[in-house]
Undergrad: 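The structure is given below, and queries will be raised subsequently.
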Amino acid sequence: MATTLRKKDNFMDALAHRILVCDGAIGTELRKRIPAYLQCVDACNISTEHAEKVTALHTAYINAGADVIQTNTYQANREALAVHGLAEQVKEINTTGVLLAREAVSETSYIAGSVGQISFHSLDTTVPSTKTIRQTFKEQMDALVDAGVDLLVLETFLSPKQAEVATKQALTYGVPVVVEISGVSGGTVGAGLDVRVFAQALEQLGANAVGINCRGPHDLVEAMELLAPVIKVPIAVQPNAGNPRVEQGEVAVSYTVEAEVFSDYVGKLVELGANMIGGCCGTTPAYTAKIRQAIAGREPVQRESRIFVLPKIRSVGARSSRPYDNPVQQVFETRKRIVSVEMRANTFPQLRAMLKEAKGLAAIGVDLFDVTDNSGAAVNIGAVGTAYRLQQATQIPTLIHWTTRSRNLISMQSHLLEAEALGIRGIVALSGDHPKAGPYETASLVPDVRGAVQLMKLIARLNQGELADGSSIGEPCGFYYGGGFTIAENLQPHVKHLANKVAQGANFAYTQPVWTYEDIAHAQQATEHLGLKMLYGILPLTSFRSASYLRDNLGLYIPQFIVDKFRDLGDTAGQELGMRLCLELVRDIRNQDECEIDGIYLIPPARMNWKNRARVISEIVKTYRE
């Protein structure tokens, strides 16, 4: 047995001679103890009401047998704290976090300053520079080290770039540095990076120990089997207690791996050569006690060394052999007087009817199809699948309208990758309609990606070959994208918003419907300096009621004199008038010689069946093409 070691001078010696027990979850445990409205767990450190709960939790882990206590500072960096209005309290929260841990630890225990990956989840900004990332880490680490931590634990890192920057910064302080990789499943991280590649890179940077955390014990045992033979420095492992249970549609506070079962995995980790074992999400002091029991009387295993040859990694900027040419881009860059037709189907019979009529529309000179994404906050067959079927059936390049209000960031990215994989590579990026505009009053507004400008930033990242968190997708997507443009009496704020979209790479704009040539001329003059293609929305009105709905419920700008024309008309007369006004407008666009109008975007009336929609579209296209 190793002799008792003095704490601060001998953490690395202790790690070499003993299996150290790290504490368990801080965040999920504090969540049980604080009100739901208190969103920032790290802020508990400076709360007169909740700081004692942090110390009590640390004490519980010490009493359960933990050698290492991690401070309650996992997301106490400026970027994360700014979301809660606490950006100026980085030093206070981190310093106090160390003091609270010190109140709990014994003379033979270690205080680890917890530093997590920075969540640059706001897509309002460009991809942060290395300097910005380093400075953000430095501010937090300065406070932790100045307050007297015994080591730094850089935990739950998915981004190799951030892990490299954080490790280099941490190594400047002269305290031991442990770096833990998260998200390991099947031996890979994120979109396929081999965990051995990631870990060896950290080892080569000089990390005193590397580790894996924040996945279930099954995944981390599997990852440890890969790491053990190829990593020379000590290895730390901190699994979750499995996965959170979902019971009756709600995420429960319990996890799938009980403490007794968790201890069986601890035994396997010891056999594989783990030097420090703790817990992550869902673990409690009871799990720490089980870890302490499982390692009792055991010393670190001498790991068998094996050579691992790093696989050749293709540069993110290198595309595969498939052609980069985007058919949607080709239409916008080579054709004049473009015609794009909006397509959607709410039911399967509608989908079949739409596909049938689409073949006829392809023959009359339609350049593009565009598929809506839950327009009017109503449910329709998904845009990606519908666009794929259309493009396959007609060979007409097809775009998708893609909105931000009904998907979280994970789903958003997954579906966009799906679109790329299926050859749908044109996107109209939109905010989307509020759920209350449709029939689903209880549907939630999802705020992960706030508006079209942020969505374009996300698409731009995918076109660079990376996800929002910076992890690689292997090769870049090839999306050609644009946005919407609001027609209004006062265009100034909408032009400014469109300029922001252009700054994020927008190549074109689909406007809201217009009903007079004067409004088109006004918009054309206001946006011509932006240098992007403009397709003007053409929507035949069918009745006074439809005009009122579009104006009052969806907020479209319709001149009052246009609405008044429909006031006393029946359905048939209203449809005839709407079509006549629409054809007159299209002729005006066609015949004008003031400026070059790039094209039109046809929106068939939603309440018509597809046979009648196709008839309306055909008549408009033929008039425009004459």
Side-chain angles (χ1 to χ4, degrees), residues 8 11-12 15 22 42 45 68 70-83 86-98 101 110-122 125-183 189-190 193 197-214 231 233-236 238 276 466 469-471:
K8 292 186 178 181
F11 173 78
M12 292 307 301
L15 203 57
C22 196
D42 303 294
N45 295 349
V68 180
Q70 296 170 105
T71 56
N72 179 40
T73 56
Y74 166 60
Q75 281 292 283
N77 61 70
R78 177 171 291 271
E79 180 76 15
L81 293 177
V83 175
L86 299 170
E88 301 307 317
Q89 292 171 269
V90 173
K91 183 175 182 179
E92 181 184 5
I93 290 173
N94 282 278
T95 300
T96 308
V98 178
Y110 301 86
I111 298 175
S114 172
V115 178
Q117 178 171 304
I118 304 166
S119 296
F120 289 103
H121 45 262
S122 172
T125 57
T126 55
V127 177
S129 66
T130 299
K131 181 179 179 181
T132 298
I133 296 171
R134 183 174 61 249
Q135 184 56 43
T136 304
F137 281 128
K138 182 178 185 300
E139 181 180 28
Q140 182 182 8
M141 293 180 191
D142 282 352
L144 291 170
V145 174
D146 287 347
V149 296
D150 302 310
L151 65 145
L152 290 170
V153 173
L154 315 183
E155 56 170 315
T156 321
F157 274 74
L158 285 160
S159 165
K161 177 181 178 181
Q162 284 206 37
E164 177 183 351
V165 175
T167 302
K168 287 180 177 178
Q169 179 60 40
L171 289 170
T172 65
Y173 297 103
V175 298
V177 176
V178 180
V179 191
E180 295 179 345
I181 302 165
S182 179
V189 182
L193 176 63
V197 175
F198 200 159
Q200 284 194 334
L202 297 173
E203 183 178 39
Q204 290 164 10
L205 285 172
N208 302 104
V210 298
I212 44 181
N213 78 315
C214 207
I231 296 299
V233 298
I235 299 177
Q238 297 196 79
M276 182 169 75
E466 63 181 35
D469 66 354
S471 58

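Just so we're clear, the structure is a prediction, and the values are computed from it rather than from any experiment. Basis for what follows: all heavy atoms, side chains included, without hydrogens, waters or symmetry-related copies.
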Undergrad: Out of Gln140, Glu88, Gln135, which one pairs with Arg78 under the side chain to side chain donor-acceptor pair (under 3.5 Å) rule?
TA: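 Single pass found, and it is Glu88.
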Undergrad: Just to verify, which of Leu158, Asn77, Ile133 counts as forming a side-chain contact (heavy atoms from CB on, under 4.5 Å) with Gln117?
TA: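 In the set Leu158, Asn77, Ile133, the residue that makes a side-chain contact (heavy atoms from CB on, under 4.5 Å) with Gln117 is Leu158.
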Undergrad: Shortest non-hydrogen contact from Val233 to Glu203?
TA: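 Here Val233 and Glu203 meet closest at N-OE2, 3.1 Å.
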Undergrad: Find the distance between OG1 (Thr73) and CD1 (Ile93) and round it off to the nearest 0.5 Å.
TA: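 Interatomic distance, Thr73 OG1 to Ile93 CD1, rounded to 0.5 Å: 10.0 Å.
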Undergrad: For the residue pair Glu164 and Gln169, confirm or rule out a side-chain donor-acceptor distance under 3.5 Å.
TA: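 Absent: no donor and acceptor within the cut-off.
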Undergrad: Please round to the nearest 0.5 Å and tell me the distance separating atom SG of Cys214 and atom OH of Tyr74.
TA: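 Here the interatomic distance stands at 6.5 Å.
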Undergrad: Grab the two heavy atoms, one from Asp150 and one from Val175, that are nearest each other, plus how far apart they are.
TA: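 Closest approach of Asp150 to Val175: O-CB, 4.0 Å.
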Undergrad: To check you understand the geometry: which heavy-atom pair defines the closest contact between Met141 and Leu154, and what is its length?
TA: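 Minimum heavy-atom contact is CE-CD2, 3.8 Å.
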Undergrad: Rounded to the nearest 0.5 Å, how far does OG1 of Thr156 lie from CD1 of Ile212?
TA: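 With rounding to 0.5 Å, CD1 (Ile212) is 12.0 Å from OG1 (Thr156).
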Undergrad: For residues Gly206 and Leu171, report the shortest heavy-atom separation together with the two atoms involved.
TA: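 Looking at all heavy atoms of both residues, the shortest contact is O-CD2, 3.5 Å.
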Undergrad: Which heavy atom of Lys161 sits nearest to which heavy atom of Pro128, and what is that distance?
TA: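 Shortest heavy-atom contact: NZ-O, 3.5 Å.
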Undergrad: Walk me through whether Asn94 and Thr71 qualify under side-chain contact (heavy atoms from CB on, under 4.5 Å).
TA: CA-CA 8 Å; Asn94 282 278; Thr71 56; 5.9 Å; no
Undergrad: Under a 4.5 Å cut-off applied to non-hydrogen side-chain atoms, are Leu15 and Met12 in contact?
TA: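 Yes, side chains in contact.
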Undergrad: Just to verify, which of Leu152, Thr167, Leu205, Val153 counts as forming a side-chain contact (heavy atoms from CB on, under 4.5 Å) with Val179?
TA: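 Among Leu152, Thr167, Leu205, Val153, the one meeting side-chain contact (heavy atoms from CB on, under 4.5 Å) with Val179 is Thr167.
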Undergrad: Can you confirm whether Gln238 sits close enough to Cys22 that some side-chain heavy atom of one is under 4.5 Å from a side-chain heavy atom of the other?
TA: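 Sidechains of Cys22 and Gln238: in contact.
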Undergrad: What is the distance from atom CG of Leu144 to atom CD of Glu139, rounded to the nearest 0.5 Å?
TA: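 Reported to 0.5 Å precision, the distance equals 11.0 Å.
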Undergrad: Rounded to the nearest 0.5 Å, how far apart are OG of Ser159 and CD1 of Ile181?
TA: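 One gets 11.5 Å once the value is rounded to the nearest 0.5 Å.
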Undergrad: Closest approach of Ala199 and Val210, non-hydrogen atoms and distance?
TA: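 For Ala199 versus Val210, the nearest heavy atoms are O-CG1, 4.0 Å.
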Undergrad: Show, in sequence, the C-alpha distance, side-chain angles and deciding distance for Glu155 and Ser114, and conclude whether the side-chain hydrogen bond (donor to acceptor under 3.5 Å, both in side chains) test is met.
TA: CA-CA 7 Å; Glu155 56 170 315; Ser114 172; 2.4 Å; yes
Undergrad: Roughly how far, to the nearest 0.5 Å, is CG of Asp142 from OH of Tyr173?
TA: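 If I round to the nearest 0.5 Å, the distance is 3.5 Å.
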